[in-house]
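Please read the structure below before turning to the comments.
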2 protein chains.
Amino acid sequence: MTNTRRPPNRSTSTGAAIADAASEHASPGARTTPSGSRITIRDVARSAHVSIGTVSRALNGRPGVHPDTRRRVMAAVAELGFDPDQAARELSNRRPVRVGLSVARGFRRLIPFFVLFKEHLLDGLASGGFRVHDVPTGADGLPTAEADLYLLFGAHADDPRIAHLEAQERPFILVGHRKGVRSVAADDVQGGRLAAEHLLRLGHRDILHLTGALSSQAFFDRARGFGAALADADVDVGKPSICEDPSALAAYRAFRTLLESGARPTAVFAATDEMAVGCQAAAVDAGLAIPGDLSVVGFDDMPEVGFDLTTVRQDIGELARITIDLLHEALADAPVRSAFLPVHLVTRGSTAERR
Amino acid sequence: MTNTRRPPNRSTSTGAAIADAASEHASPGARTTPSGSRITIRDVARSAHVSIGTVSRALNGRPGVHPDTRRRVMAAVAELGFDPDQAARELSNRRPVRVGLSVARGFRRLIPFFVLFKEHLLDGLASGGFRVHDVPTGADGLPTAEADLYLLFGAHADDPRIAHLEAQERPFILVGHRKGVRSVAADDVQGGRLAAEHLLRLGHRDILHLTGALSSQAFFDRARGFGAALADADVDVGKPSICEDPSALAAYRAFRTLLESGARPTAVFAATDEMAVGCQAAAVDAGLAIPGDLSVVGFDDMPEVGFDLTTVRQDIGELARITIDLLHEALADAPVRSAFLPVHLVTRGSTAERR
DNA sequence: CTGAAAGCGCTAACAC
DNA sequence: GTGTTAGCGCTTTCAG
């Protein structure tokens, strides 16, 4: 079982930096030349004994650069701690692609997951040299303004946006899974399965699944993977408990009600980390110890969860990166494909062997 | 009493647009010239019969532009729907000011308030032509990397960052209130007062205040204003109920516990909208009708609250704008000042006359 | 007070 | 393969 840890500073750091989503580049800080000015592509060129054009090509993975040259350039980049200027990139790029981000009706934009995803996305888009324009969207959930490409967030059954955009022959990418359209999603089925298998391995047989509306593709698939794993192990799969609003508070209320009605699962799989937080609180309030009396597994691996939660991790930065890949493919009119982001279990302190 | 409403589409809109924080510019969408290309400063210049230099000066409020010329330029700008390109601005601006945003130890970055504030801030910074760099911050809460200017978020008593930065003679701006340093904050005292006065006016006398840790300046001041208003009206001010974690879930648990222990306030003033959400849920679960049995007032006026909450509104966009003003002042070495953002009450359906 | 011109740092033709 | 060069849209000297 995977026990991937975040870099230690991630959960304890109390400071932030603007554009901290960019931290994935792991640049050693925006360095400067000895003379104090910002280090530019010219410095790299000089250091690698090539022209700036070559540096640019190497940097952007353009074809037609000798492997050795490329290596030399990359070495210089690393050594100097060169960090390309996004504004300059954006400005020089001749493709004012207007990307419109549309969230599903009723979808909350201020939830942590979406916030992080958007940060990574904007960052990646900007450093990719895209021109991102403001594209308002109508109250009917359908994008009104023109965009060259739409990003649909919050996949769910009967999403009106998909048919709408297909009819208009406008390219779009679904962040979520759906066959036949360009889409990216975490492998939700696999995630559900991982959670179940982990708990089964620990001896749990009475496992509650607490989730959001099953019209959401993500919740549906997580439940499906979870159910399949239990079925495979010949363990009884009860009905999942549904909270229409997948928040910590709603999960708390739902789980508390269940506990008060006498339910005593030995483990619970919450469909999001936030919901897991609610479960944990409800368990504590019911006098249950975690993981002694109850094991809890979440989904997402969000920062700032507040306790030591075993969870199914999906890498949001990677999700954004794949989204941008698909975006390029869409612009290049490449064949439609559905991408999956692998997920894996992160074992922490909220799960233990069944007593 | 003020009854400011958000633009109607704000709460019902289900679509988003990238960089939607920019919507405050209320630009009529990125327009294009008849020939289809983006409209630039050159188009404006041609249309106003001046040079691009003059347009730039007029646009940025630089001195030395004839009033008539300025008017002509602004008219052309409006007519063409010109929307300056941020990347170009950023690139040409010769001030690579590195702004480091530091959040207080323990402060959650993924809370809606901070997310919105940061969006507005980044947007304003970018269109102001600032060069925003990544500035990692140490686990001790003190900014480690170099920045030309620090933005401190989450003001609280004994904040180590302030003394630290002052000692280093580095300019900084506190988002929160504190005498003697450059700071911006909502008028929290006044906000607490408005909430109290509203409830008093409705006949409430037994009002509970549910808040976060009072070491936080915002919570402390809100409680202070609230208490002062009650005292002024000769109404008994009980002790506020404190949730260390100012979340909806924590508020729910706290308020529920209070109700179960027999407390029966006729109104509650929650120090944030999120906490108000928790209160509302607890009241509902206790069989209390809102506003019939219980009036609830929040603070912030966040979108996506989920119910019709009377609240004290602070304009986050304006807060960001003032922050940027202070930033300019700091760079210009102007005298230190503490700015206050006016707040006002937004009366909605969660409050009513005491029965 | 206003115009002309020189870049900001980068990418993408276009040459060699 | 690699170097050279012309801009991207804007702000800002520097002349007039």
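Lettering follows sequence order; numbering is per chain, from 1. In what follows, every heavy atom counts, from backbone to side chain, and hydrogens, waters and symmetry copies are set aside.
Remark: Lys118(B) engages Glu119(A) in a salt bridge, criterion side-chain N to carboxylate O under 4.0 Å.
Look at CG on Asn60(A): it is 17 Å from P on dG9(C), rounded to the nearest Å. What separates CD of Glu90(A) from P of dC10(C) is a distance of 14 Å, to the nearest Å. Per the geometry, CG belonging to Leu91(A) stands 12 Å off C1' belonging to dT11(D), to the nearest Å. The distance between atom CZ of Arg72(B) and atom P of dC1(C), rounded to the nearest whole Å, is 14 Å. Here dG7(C) presents its C1' atom at 18 Å from CZ of Arg89(B), a figure rounded to the nearest Å. Atom CZ in Arg57(A) sits roughly 11 Å away from atom P in dT4(D) (whole-Å rounding). Atom C1' of nucleotide dT2(C) and atom CD1 of Ile52(B) are separated by 12 Å, given to the nearest angstrom. Atom CD1 in Ile41(B) sits roughly 8 Å away from atom C1' in dG9(D) (whole-Å rounding).
Contact between the side-chain N/O atoms of Thr40(B) and the OP1/OP2 oxygens of dC8(D) is not found at any separation under 4.0 Å. Residue Thr54(B) has no polar side-chain atom (N or O) positioned under 4.0 Å from OP1 or OP2 of dT2(C). Put simply, Ser92(A) has no side-chain N or O that comes within less than 4.0 Å of OP1 or OP2 on dA12(C).
Residue Ser51(A) places its side chain closer to dG3(D) than to any other of dG3(D), dG9(D), dG9(C). Taking the side chain of Asp85(A) as heavy atoms from C-beta on, and the options dT2(C), dG9(C), dG9(D), the nearest nucleotide is dG9(C).
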| task | Please test Leu151(A) against Phe172(A) for side chain to side chain contact (heavy atoms under 4.5 Å, CB included), starting from the C-alpha separation and ending with a verdict. | result | CA-CA 6 Å; Leu151(A) 239 41; Phe172(A) 65 91; over 6 Å; no
Show the numbers, then the answer: is there a side chain to side chain contact (heavy atoms under 4.5 Å, CB included) between Leu326(A) and Arg337(A)? CA-CA 8 Å; Leu326(A) 285 177; Arg337(A) 69 170 175 123; 3.7 Å; yes
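Residue-level contact check: Val50(A) touches the backbone only, with heavy atoms under 4.0 Å from sugar-phosphate atoms and none from bases. Using a 4.0 Å heavy-atom cutoff across all strands shown, Ser56(B) reaches at least one base atom of the nucleic acid.
Proximity of a side-chain donor or acceptor of Asn60(A) to a complementary backbone N or O of Arg57(A) within less than 3.5 Å is not detected.
Nearer to the 5' terminus of DNA chain C, by closest-nucleotide assignment, is the contact made by Pro67(B) (compared with the other of Pro67(B) and Gly53(B)).
Screening Arg72(B), Arg71(B), Arg70(B) for a side-chain hydrogen bond (donor to acceptor under 3.5 Å, both in side chains) involving Asp68(B) leaves a single residue, Arg71(B).
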